[in-house]
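This structure is a prediction, so every number in the text was calculated from the model and none was measured. Remember, it's 1-based here, ligands and their atoms both numbered in the order they're listed.
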Amino acid sequence: MGIFPFPALPRFLIPVVLMVRHRFFFTKYRKRMNTKNMGFDTKLIHSGAFEDQFGSATVPIYQSSTFKFKDAQHGADCFSGASDGFIYTRIANPTIKAFEDSMAELENGYKGIATSSGMAAITSIYMALLGAGAHIVGTASVYGPARGVLEKDFSRFGVEADFINTADIDLIKATIKPNTKVLYVETPANPTMELSDLAACAAVAREYNLVLVVDNTFATPYLQNPLDLGADVVLHSVTKYINGHADIVGGVVVTKEKELYDKIRHCMVYMGCNMDPHQAYMIIRGLKTMALRVERNQENAMKVAQFLEKHPKIAWIKYPGLESFPQYELAKKQMTGFGSMISFGVAGGLESGRALMNNVHLALLAVSLGGVETLIQHPASMTHAAVSREDKEKAGITDDLVRLSVGIENIEDIINDLAQALEKS
Ligand code: LCS
């Protein structure tokens with residue numbers, strides 16, 4: 001009697017072979033290859049992948065809530081940390097780990113923590129780094145709920161927050177108090193496109209002993225690596241460019257060091273805002289083409305920005321790739337590309353902007369961003385509706401601001417669509 005792949009194996013050796021095979025293929029999580037010194041596009045495809053017993057080209061979906069221990073000691077070792085075996089999917093899961101490992105490599109960090117959404121990444125960070133009496137300084141023009149959850153909810157537990165223009169380093173210093181623990185920066189900012197100088201923010205964070213957290217969603221790790229510029233924690237709404245296909249919501253955190261990783265992972269696990277294995281599988285699938293998509297997104301965005309800048313009905317436009325962009329030099333310094341988010345105002349203000357949004361046919365009138373499809377929306381009444389009028393004004397989120405996420409469709413079709421809608425606005 002034989003056993004594949006040993007046709008003439010003596011009977012007494014069969015259990016030994018099965019044990020060894022089990023140990024290697026069923027219980028050992030082995031990376032498929034070391035991609036540490038490989039190119040970014042190679043990392044996108046291979047960095048988190050691991051060996052399975054069938055040699056799968058893709059990372060399989062481990063749709064299991066729990067994992068069988070080999071024996072009681074193994075179970076105890078998994079819980080104590082003496083063994084790195086999987087226990088329970090809220091804590092860790094092979095499919096989710098593959099995505100986390102990939103993100104840690106792409107952001108040049110220690111390890112990744114995948115979450116159910118971008119907001120779950122943000123709240124896990126806040127929960128880990130802020131307590132009663134703590135103060136956080138953040139970018140005024142952040143994704144609305146990222147400040148709303150501090151102002152409306154964490155404030156109930158005694159956390160103080162100030163949202164300011166973090167492009168102004170002196171203003172950051174003037175806002176820091178003895179109880180400030182975190183500097184939270186979103187750059188480019190949603191939806192004003194304003195940039196914050198990450199190296200300068202990192203210097204302030206060092207000087208005042210703060211944790212610098214950067215939301216890198218708009219830029220992606222392909223165009224900007226905050227940890228390399230001195231940040232301690234980077235996060236993404238994976239819902240956007242990383243997944244890229246408008247079919248999944250997700251988030252991820254990557255830290256520079258182990259200590260912060262342990263604190264944030266603890267909060268993610270205890271709050272139970274883990275990613276799901278199927279969600280992770282879909283995101284890994286999207287991630288593989290991120291560089292190609294982002295290249296095409298931003299090539300199209302530059303053409304759209306140039307078209308809008310010259311259009312008589314456009315009152316103003318903010319796109320980091322235009323020489324007219326006030327922080328064009330900073331964009332070139334800290335980003336390797338300009339991304340594909342544009343904000344602009346239509347001459348005639350809010351009503352003309354509404355007419356534009358009501359008359360586009362190709363662009364979808366929808367929130368979210370960073371996908372293959374062009375999206376258009378009105379932040380003041382949509383994504384940032386919950387921010388008070390006064391705070392919106394201070395943050396530069398004006399009523400006439402229209403936000404465009406440029407997709408990868410044929411560029412002529414995108415421009416023709418905007419041109420015909422502008423005729424009617
Ligand atoms: N960070 C940024 C910069 C975002 O734009 C968003 C969502 C989040 C975090 C939260 O991520 P989520 O929980 O939605 O995955 N931004 C949205 C937007 O601009 N339109 O709809 C959602």
Side-chain angles (χ1 to χ4, degrees), residues 99 103 107 113-127 138-150 153 163 166 184-196 198 213-221 223-224 226 231 233-254 268 271 273-276 279-280 282-283 286-287 294 297 318 320 335 339-343 357 363-371 373-387 392 395 397 401-407:
F99 169 61
M103 286 306 302
E107 285 288 14
I113 304 159
T115 54
S116 55
S117 68
M119 278 310 297
I122 293 168
T123 50
S124 298
I125 293 169
Y126 290 164
M127 188 65 107
T139 307
S141 167
V142 278
Y143 173 59
R147 68 182 283 182
V149 73
L150 286 166
D153 301 294
F163 287 92
T166 50
Y184 182 92
V185 171
E186 194 179 291
T187 178
N190 185 358
T192 58
M193 300 308 297
E194 191 149 72
L195 307 186
S196 296
L198 288 175
V213 178
V214 178
D215 186 332
N216 202 24
T217 300
F218 269 38
T220 79
L223 302 181
Q224 178 172 273
V233 179
V234 63
L235 74 103
H236 291 270
S237 166
V238 168
T239 318
K240 315 294 165 21
Y241 294 97
I242 288 174
N243 179 60
H245 293 77
D247 50 10
I248 282 288
V249 168
V252 73
V253 180
V254 178
M268 183 283 283
M271 292 197 299
C273 49
N274 58 287
M275 189 172 272
D276 170 85
Q279 193 185 3
M282 294 288 281
I283 295 162
L287 183 65
V294 170
N297 281 121
K318 294 265 177 67
M335 299 170 75
S340 51
M341 297 301 296
I342 301 175
S343 64
M357 289 184 278
L364 303 183
L365 175 54
V367 297
S368 202
L369 59 108
E373 55 286 287
T374 298
L375 302 175
I376 194 165
Q377 69 114 358
H378 180 238
S381 66
M382 297 174 188
T383 44
H384 294 70
V387 180
K392 269 193 281 237
I397 307 167
L401 190 158
V402 174
R403 195 190 75 180
L404 195 61
S405 170
V406 182

Can you list, pair by pair, the side-chain donor-acceptor contacts under 3.5 Å of residues 138-146, counting residues two or more places apart and other chains?
unit_1: T139; atom_1: OG1; unit_2: T166; atom_2: OG1; d: 2.8
unit_1: T139; atom_1: OG1; unit_2: Y184; atom_2: O; d: 3.4
unit_1: T139; atom_1: OG1; unit_2: E186; atom_2: N; d: 3.1
unit_1: S141; atom_1: OG; unit_2: N190; atom_2: O; d: 3.1
unit_1: S141; atom_1: OG; unit_2: T192; atom_2: OG1; d: 3.0

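Not counting sequence neighbours, the partners of D153 by the salt bridge (charged side-chain N to carboxylate O under 4.0 Å, His left out) test are R156. Applying the side-chain hydrogen bond (donor to acceptor under 3.5 Å, both in side chains) criterion to N297, with sequence neighbours excluded, gives no partner residue.
Put simply, the residue from D215, I113, V233 that forms a side-chain contact (heavy atoms from CB on, under 4.5 Å) with I125 is V233.
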Please tabulate protein-ligand N/O pairs under 3.5 Å for ligand 1, atom names and distances to 0.1 Å.
unit_1: ligand 1; atom_1: 1 (N); unit_2: D215; atom_2: OD2; d: 2.6
unit_1: ligand 1; atom_1: 5 (O); unit_2: N190; atom_2: ND2; d: 3.0
unit_1: ligand 1; atom_1: 11 (O); unit_2: S237; atom_2: OG; d: 3.0
unit_1: ligand 1; atom_1: 13 (O); unit_2: G118; atom_2: N; d: 3.0
unit_1: ligand 1; atom_1: 13 (O); unit_2: M119; atom_2: N; d: 2.8
unit_1: ligand 1; atom_1: 15 (O); unit_2: G118; atom_2: N; d: 2.9
unit_1: ligand 1; atom_1: 15 (O); unit_2: S237; atom_2: OG; d: 2.8
unit_1: ligand 1; atom_1: 15 (O); unit_2: T239; atom_2: OG1; d: 2.6
unit_1: ligand 1; atom_1: 16 (N); unit_2: K240; atom_2: NZ; d: 2.9
unit_1: ligand 1; atom_1: 19 (O); unit_2: N190; atom_2: ND2; d: 3.1
unit_1: ligand 1; atom_1: 19 (O); unit_2: R403; atom_2: NH1; d: 2.7
unit_1: ligand 1; atom_1: 19 (O); unit_2: R403; atom_2: NH2; d: 3.2
unit_1: ligand 1; atom_1: 20 (N); unit_2: S368; atom_2: N; d: 2.8
unit_1: ligand 1; atom_1: 21 (O); unit_2: S368; atom_2: N; d: 3.0

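Using modelled atom types, one side-chain atom of T187 and one backbone atom of S196 make a donor-acceptor pair closer than 3.5 Å.
Within the 4.5 Å cutoff, the side chain of E107 has heavy atoms near those of the H236 side chain.
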